[in-house]
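The structure appears below as structure tokens.
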There are 2 protein chains.
Amino acid sequence: MVHVTPPDAGRRSERSRRAIFDAALSLVGEVGYDKLTIEGIAGRAGVGKQTIYRWWPSKAAVLLDAFTADAEAADHEQALPDTGDLAADLKFVLRATADEFNTPEFQAPYRALAVAAANDAKVAAEFTGRLLEPGIKVYVDRLRRAQQAGEIAAGVDVRIAADLILGPFTQRWLMRTGELTYAFVDTLVDLVLDGLRNPRP
Amino acid sequence: MVHVTPPDAGRRSERSRRAIFDAALSLVGEVGYDKLTIEGIAGRAGVGKQTIYRWWPSKAAVLLDAFTADAEAADHEQALPDTGDLAADLKFVLRATADEFNTPEFQAPYRALAVAAANDAKVAAEFTGRLLEPGIKVYVDRLRRAQQAGEIAAGVDVRIAADLILGPFTQRWLMRTGELTYAFVDTLVDLVLDGLRNPRP
């Protein structure tokens, strides 16, 4: 038997999907992750909660898909700029990332996802696989190109080098130990590239 | 009217406090932070839940006090070793810290607190002020001594330098992006001290 989809069903479900994503992203910013419920998302999106349960097993899954769809739409996983000046390129991108993390609409759902991931190994696997690692990979790729160009020392593990840049940034934001300012990201990049030792290169 | 405390009351309340802390730390490892309740802690500790509510406003507060009491008992906030070899001292301490973070009894309550802090700015202020910042300060102090000894370049911001070491470590553990191995912490220390650039100092 051939399954015939009515002509409008695809468009209608895409509309519902988008409404559910918008509802999840805005609600988590308003009520926080703890108080976010499938019922609440359904109500805001104007769909039945069974529609959500048919597609997603949990609120974390809805939020992750919503956030990933947004990130993909914004081309977040593109390559880092490569002007030949690694320090300048890293500062440029980290300043833009600081602006983004300082924006409430971005930071509320991303924090909710990070918290859910830190709390639960299964959510963590999804979160790191679909959002965190692709974000780290663009740094790894840029650092590898810098290594090939001779700007970075040959023996450096570029994956751990990426952690050196992103770990302090994320930690400061997640634990609220300081502000994500341009001065902070500039200092971070310079320290990571030059190292702490005296004398400097 | 003079309030007379019965001779055993102080000792009894210290015993209850200790029982409540032990119950909170073991329960959070068994059921996770989400399912940890004041009722559950009271039941395990053999006290009435009003006893807990009289002393603490929330489960986060109980857990933070329990964890801080343990850390203070273990002298966690002592100074880092100073053998005159900064790299060796940092690797020594970070290897011990990796062992600790790889221990389930330590990591379950600490993760629960970190998650609660990431989720809630008020818990974050308590968590960073009482646990995180004192832990960072011992690194800042050691780095400042290395700077005075001429091992670290004069212009380096030692607070951000401490973030460079602890941020990637914490991030890897919290988001489960990799194992906390001795090889990882050794590489981390070498990269932070030497920097990424070619040529090296």
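Note that the structure is predicted; figures quoted are calculated from it, not measured. Note on naming: letters A, B, ... go to the chains in the order of the sequence lines (proteins, then strands), and numbering restarts at 1 for each one. All heavy atoms count here, side chains included; hydrogens, waters and symmetry mates do not.
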Pick from [options] with the largest number of heavy-atom pairs that fall under 4.5 Å of chain A:
{"options": "B/G167, B/G129, B/A118", "value": "B/A118"}
{"options": "B/L166, B/I136, B/D157, B/D120", "value": "B/D120"}
{"options": "B/T177, B/T128, B/L188", "value": "B/T177"}

Quiz item: Is the side chain of A/R176 donor-acceptor paired with the backbone N or O of B/A124 at a distance under 3.5 Å, no angle test?
Solution: no
Quiz item: Please walk me through it: do B/N198 and A/I152 pass side-chain contact (heavy atoms from CB on, under 4.5 Å)?
Solution: CA-CA 5 Å; B/N198 185 34; A/I152 282 193; 5.6 Å; no
Quiz item: Can you tell if the side chain of A/L174 reaches within under 4.5 Å of the side chain of B/L174, non-hydrogen atoms only?
Solution: yes
Self-check item: Test item: B/D194 and A/R197 side chains (from C-beta on) under 4.5 Å apart, heavy atoms
Solution: yes
Segment of [X] engaging chain B (4.5 angstrom heavy-atom cut-off):
{"X": "A/A114", "value": "both"}
{"X": "A/Q147", "value": "neither"}
{"X": "A/L86", "value": "neither"}
{"X": "A/A121", "value": "both"}
{"X": "A/F169", "value": "neither"}

Quiz prompt | A/E30 atom CD: more than 12 heavy-atom contacts under 6.0 Å | solution = yes
Quiz prompt | Over 12 foreign heavy atoms within 6.0 Å of CZ, A/F101 | solution = yes
Could you grab the distance from atom [atom1] of [X] to atom [atom2] of [Y], nearest 0.5 Å is fine?
{"X": "A/Q171", "Y": "B/M175", "atom1": "CD", "atom2": "CE", "answer": "9.5 Å"}
{"X": "A/R111", "Y": "B/N119", "atom1": "CZ", "atom2": "CG", "answer": "8.5 Å"}
{"X": "A/R159", "Y": "B/F184", "atom1": "CZ", "atom2": "CZ", "answer": "9.0 Å"}
{"X": "A/L196", "Y": "B/E151", "atom1": "CG", "atom2": "CD", "answer": "10.0 Å"}

Could you tell me which portion of [X] (side chain, backbone, both or neither) has an atom closer than 4.5 angstrom to a non-hydrogen atom of chain A?
{"X": "B/L132", "result": "side chain"}
{"X": "B/A87", "result": "side chain"}
{"X": "B/A116", "result": "neither"}

Quiz item: Which of these, A/D163, A/V156, A/I160, A/L164, sits in a side-chain contact (heavy atoms from CB on, under 4.5 Å) with B/T187?
Solution: A/I160
